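From a predicted model like this one, the values you see are computed outputs, not experimental measurements.
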Amino acid sequence: MIENPTREEIGQILKRSKRIAVVGLSDNPERTSHSVSKAMQDQGYEIIPVNPVIDSALGVKAVASLEEIEGPVDIVNIFRRSEFLPDLAREFDKIDAKIFWAQLGVMNEEAYSFLKERGYTVIMDRCIKVEHALTK
């Protein structure tokens with residue numbers, strides 16, 4: 001069963017986080033990934049677009065995969081379908097990142113168990129923009 005941190009814990013995570021890698025970030029302003037990430041960027045977070053099919057988003061050069069990111073990442077925020085989460089969890093495990101966050105409507109028990117067994121904080125089926133608004 002997927003169990004998210006409490007809203008208070010999520011608030012603390014957002015307060016201490018600075019760098020958010022966004023998997024599946026679109027360069028199309030009409031897409032949810034773009035509007036949510038822009039809102040977080042406007043709140044002062046550094047956004048790293050992770051999408052092999054775009055050059056850049058929100059004025060930042062995109063990387064093709066999590067493993068191409070230089071330096072540590074506080075939150076990996078995922079805008080991909082739930083079936084992609086197990087592969088993304090394995091990739092996440094190879095980089096210096098703290099929080100695995102799957103957006104609203106995105107969840108996968110296999111990925112959750114894999115990450116929890118390795119001691120990671122996992123948030124699934126929650127919108128980072130909504131949680132930020134509710135906890136600031």
According to side-chain hydrogen bond (donor to acceptor under 3.5 Å, both in side chains), who are the partners of [X], at least two apart in sequence or on a separate chain?
| X | answer |
| --- | --- |
| E9 | T6 |
| R80 | none |
| E91 | none |
| E83 | R81 |

Salt bridge check, D93 against R90: does any charged N sit closer than 4.0 Å to a carboxylate O?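 No, no charged N to carboxylate O under 4.0 Å.
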
[X] versus [Y], closest heavy-atom pair with distance:
| X | Y | answer |
| --- | --- | --- |
| C127 | V36 | SG-CG2, 4.2 Å |
| N108 | S82 | ND2-O, 3.4 Å |
| P5 | I13 | CG-CD1, 4.4 Å |

With hydrophobic residues grouped by side-chain heavy-atom distances under 4.5 Å, do [X] and [Y] end up in a single group?
| X | Y | result |
| --- | --- | --- |
| F79 | I47 | yes |
| I78 | M107 | yes |
| I123 | I2 | no |
| V23 | V73 | yes |
| V22 | V50 | no |

So which pairs with a foot in residues 117-136 pass ring pair (Phe, Tyr, Trp, His ring centres under 6.0 Å), sequence neighbours left out?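 For residues 117-136: Y45-H132, F92-Y120.
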
What pairs with [X] under side chain to side chain contact (heavy atoms under 4.5 Å, CB included), at least two apart in sequence or on another chain?
| X | result |
| --- | --- |
| E131 | R7, I10, L14, W101, R126 |
| K116 | Y112, V122 |
| I95 | L66, E67, V76, A97 |
| V60 | Q41, P49 |

Can you tell me how far [atom2] of [Y] sits from [atom1] of [X], rounded to the nearest 0.5 angstrom?
| X | Y | atom1 | atom2 | value |
| --- | --- | --- | --- | --- |
| I20 | L25 | CD1 | CG | 11.0 Å |
| K136 | Q43 | NZ | CD | 4.0 Å |
| S113 | M1 | OG | CE | 11.5 Å |
| E70 | D96 | CD | CG | 13.0 Å |

Is there a side-chain contact between F100 and L85, using heavy atoms and a 4.5 Å cut-off?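 A side-chain contact under 4.5 Å exists here.
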
Between T121 and K98, is any pair of side-chain heavy atoms under 4.5 Å apart?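 Result no, sub-4.5 Å side-chain heavy-atom pair not found.
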
Give me each pair satisfying side chain to side chain donor-acceptor pair (under 3.5 Å) with a member in residues 25-40, each pair once, sequence neighbours excluded.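 Listed by first then second residue: K38-D42.
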
Enumerate the side chain to side chain donor-acceptor pair (under 3.5 Å) contacts for residues 49-64, please, sequence neighbours excluded, ordered by first and then second residue.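 Qualifying pairs, neighbours excluded: none.
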
Please identify each residue that fulfils salt bridge (Lys or Arg N to Asp or Glu O under 4.0 Å) with E46, with sequence neighbours left out.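 Applying salt bridge (Lys or Arg N to Asp or Glu O under 4.0 Å) to E46 gives R19.
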
